[in-house]
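Down below is the structure, laid out as structure tokens.
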Amino acid sequence: MQTEIDSRLRAAPIALAGEELDAWARDRANSAAAAMLESFHVDIANGAVWLGNRRVLILQAQWFLDLRQTLIDALGHEGARAVLTRLGYAAGVRDADLSMKQHPDFETAELITTGGAFHALQGSAKAVRRRVELDLASKHCYLEFSWRNAIEDEGRLAQQGHGPRESCWMEIGYASGFLSTCIGGDILVRELECAAQGSTECMCVARFAHEWGDVSEDLKYLDPAYLPRADLTRERATALQPTPPMQPVAKETAGEGQNPLVGRSGAFDAVLQQARRVGKTTAAVLLLGESGVGKSVFAQFIHDCSNRAGKPFVEVNCAAIPESLLESELFGVERGAFTGASSSRSGRFEEADGGTLFLDEIGLLPPAAQGKLLRVLQSQKYERLGSNKTQQANVRLVAATNNDLAAAVRAGTFRSDLFYRLNVFPITVPPLRSRLGDLPLLIDHLISGFCNRYGRAPKGITPEAYRAMLHYDWPGNIRELENVIERAVILVDDGEAIDVHHLFTSDAAFRKTGLRWLDDKGNLVGDRDPADAQLAAAPDSSSVDPWFETAIEQPNHSLEGIEQAVVMATLRAFDGSLIKAAQHLGVTRAQIDYRIKKWGVDPRLLGSA
Ligand SMILES: [Zn+2]
């Protein structure tokens, strides 16, 4: 590790957070991402993939997770952590080096924002910046950021319950190596919260070693001499449930092609862990989330995790029962209690005795029923309608709503005391669009389910159809996905691949996602980030005709020659400012940067200053 701050690096003190930080960092990060994308190419003829002048290897994420697990099996947690942290550190140093070459005009604080672009393009995590404080003169560094979707967290699905021992070892090493190289000092990253331990994202802080205080624990994993051999008998004995690595969590009882509990994204797994944890208790649970996200499947899952699993699971949709009948439906009724009550019958509370009662759309519960429900929650007692006989309720309650109950309390339509009773353990099930990483698994699961059900045998799914689904917002969430896939499986002919027109009607609203893919020549294509697209909104090309006529008369009439002439003229017009020239030409700064480097031009020589 370097110990002295490198004097090559220019660095004005900087302290940014929130929107100010976002605005400042966005352009740099986009520019870094564009530079990397431009330097990425696939040489199909020679079987090689390149990132800049470096050959890269495309591996399945599963390969990495298997490697990680193999290391844990062979070396124990400490040994695996040490190996992965060091490998990550070395990779971070190499990438920082590449970034510094690609952005010679970036200041230190700008360089560190490019790390997130590397993460995104390598598919290892989405980095979100929270706070940047950097003052190299006084050797102060405080970078706060988080990772979403970190690949190392996916490994935990295979080994549920490992708790605090799981964390993003390789990423910690990578970020430490990347930042130490960019900043030119000993920067150590700590993961203060890891999604593998149940939080929704991995919260990290990077500081100079001297600012952390005692760093012996951090440095241990970077020390090449430290390679503990595990006491494997002990390690294995404490390993929980040796499930096969990385099978998607699929629940058989969800049925074929039905709203499945399938996924491996961090967002999905965080919910699954909460549900599993609370499932073992008797606490009431409130499931929140948009309609169609699968709240009832989670309710069933909570029931299945509990020690009531063998007892009834009774589901009541409060929206589906007329308000006047809801009370008798829930609590039962004695004969003659009201006109039409010609015989006594039990309610859902009695049916669910010993088991779980799931009340969907609880926000629509009428006031009288709210009062009764509150009493059951407080005293486990209730009476049938028209009866004085008090019954004992032995029911675990799970409720769900897509309404804002707190707002309903403020509006006076929902009892606050009932809200607080229900809100003991709220679980928010994320919408599908915020767990798009689960789409491929869900799609496969649903297609095979519906193919079984309808006896169909389509020949897979076209890449265009796949992309269309990734570009769609899924306002109706998993329920909508199910409907779309079910319809497609019915529409497609046997032996034909499912295509876009089987899935969507022509008026489906797709969005820009920043998704990119390779065309048949190995070039990266795809839509751009909204910010890029704005820059790329070039003026109407028909207006260039007059000078185009003149340009092709010139000696440099090759396309590259003309391009070079135009870029150089634009740079001169904007005093060598890459950003202004890029905006004017409707390309990214990185694209200009890449070209002038290729031509061996120093933009500073073009400015008048
Ligand atoms: Zn983590």
Side-chain angles (χ1 to χ4, degrees), residues 61-72 76-92 95 112 115-131 142-180 187-207 212 215 217-218 220-222 239-240 245-246 249 263-274 276-277 430 434-438:
Q62 187 62 58
W63 181 94
F64 168 70
L65 295 173
D66 287 348
L67 172 71
R68 188 177 196 270
Q69 187 57 48
T70 306
L71 287 172
I72 292 173
H77 276 82
E78 280 290 286
R81 177 174 182 176
V83 169
L84 287 170
T85 308
R86 288 204 291 276
L87 290 177
Y89 191 93
D95 281 351
I112 61 181
F118 275 96
H119 275 311
L121 289 167
Q122 292 167 351
S124 53
K126 155 94 178 161
V128 182
R129 294 168 289 266
R130 307 266 176 216
R131 180 163 204 92
Y142 182 89
L143 310 173
E144 196 180 304
F145 53 94
S146 61
W147 294 315
R148 290 182 192 150
N149 248 341
I151 182 69
E152 282 191 275
D153 290 338
E154 292 208 357
R156 77 211 134 127
L157 279 178
Q159 334 156 350
Q160 279 130 20
H162 263 301
R165 301 189 73 168
E166 294 297 323
S167 65
C168 300
W169 303 325
M170 190 185 67
E171 293 300 324
I172 292 170
Y174 180 94
S176 300
F178 190 94
L179 294 169
S180 294
I187 300 291
L188 292 171
V189 174
R190 286 184 186 167
E191 193 183 30
L192 304 182
E193 280 174 27
C194 179
Q197 294 150 28
S199 49
T200 50
E201 48 188 43
C202 304
M203 287 297 308
C204 303
V205 169
R207 313 183 73 175
W212 278 121
V215 292
E217 185 72 8
D218 309 68
K220 185 172 80 179
Y221 297 106
L222 292 170
L240 291 167
M246 288 316 300
V249 180
R264 58 197 271 183
S265 66
F268 171 77
D269 190 58
V271 174
L272 207 61
Q273 287 204 37
Q274 290 177 50
R276 192 177 285 119
R277 196 163 297 162
S434 61
R435 43 176 287 221
L436 285 179
D438 292 334

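When a ligand or atom number is given, it counts from 1 through the structure's own listing order.
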Here the pair of heavy atoms bringing Asp95 nearest to Phe178 is C-CE1, 3.8 Å
Minimum heavy-atom distance between Ile151 and Ala61, given as atom pair plus value: CD1-CB, 3.4 Å
2.8 Å shell around the Zn ion (ligand 1), exclusive bound, protein N/O/S atoms: 4
Please verify the inter-ring angle class for His119 with Tyr174; under 30° counts as parallel, over 60° as perpendicular, anything in between as tilted. tilted
Working to the nearest 0.5 Å, report the span between CG of Leu179 and SG of Cys204. 10.0 Å
Roughly how far, to the nearest 0.5 Å, is the CD atom of Glu191 from the OG atom of Ser146? 10.5 Å
Kindly write out the residues that satisfy salt bridge (Lys or Arg N to Asp or Glu O under 4.0 Å) with Arg148, not counting sequence neighbours, or none if the list is empty. Glu201
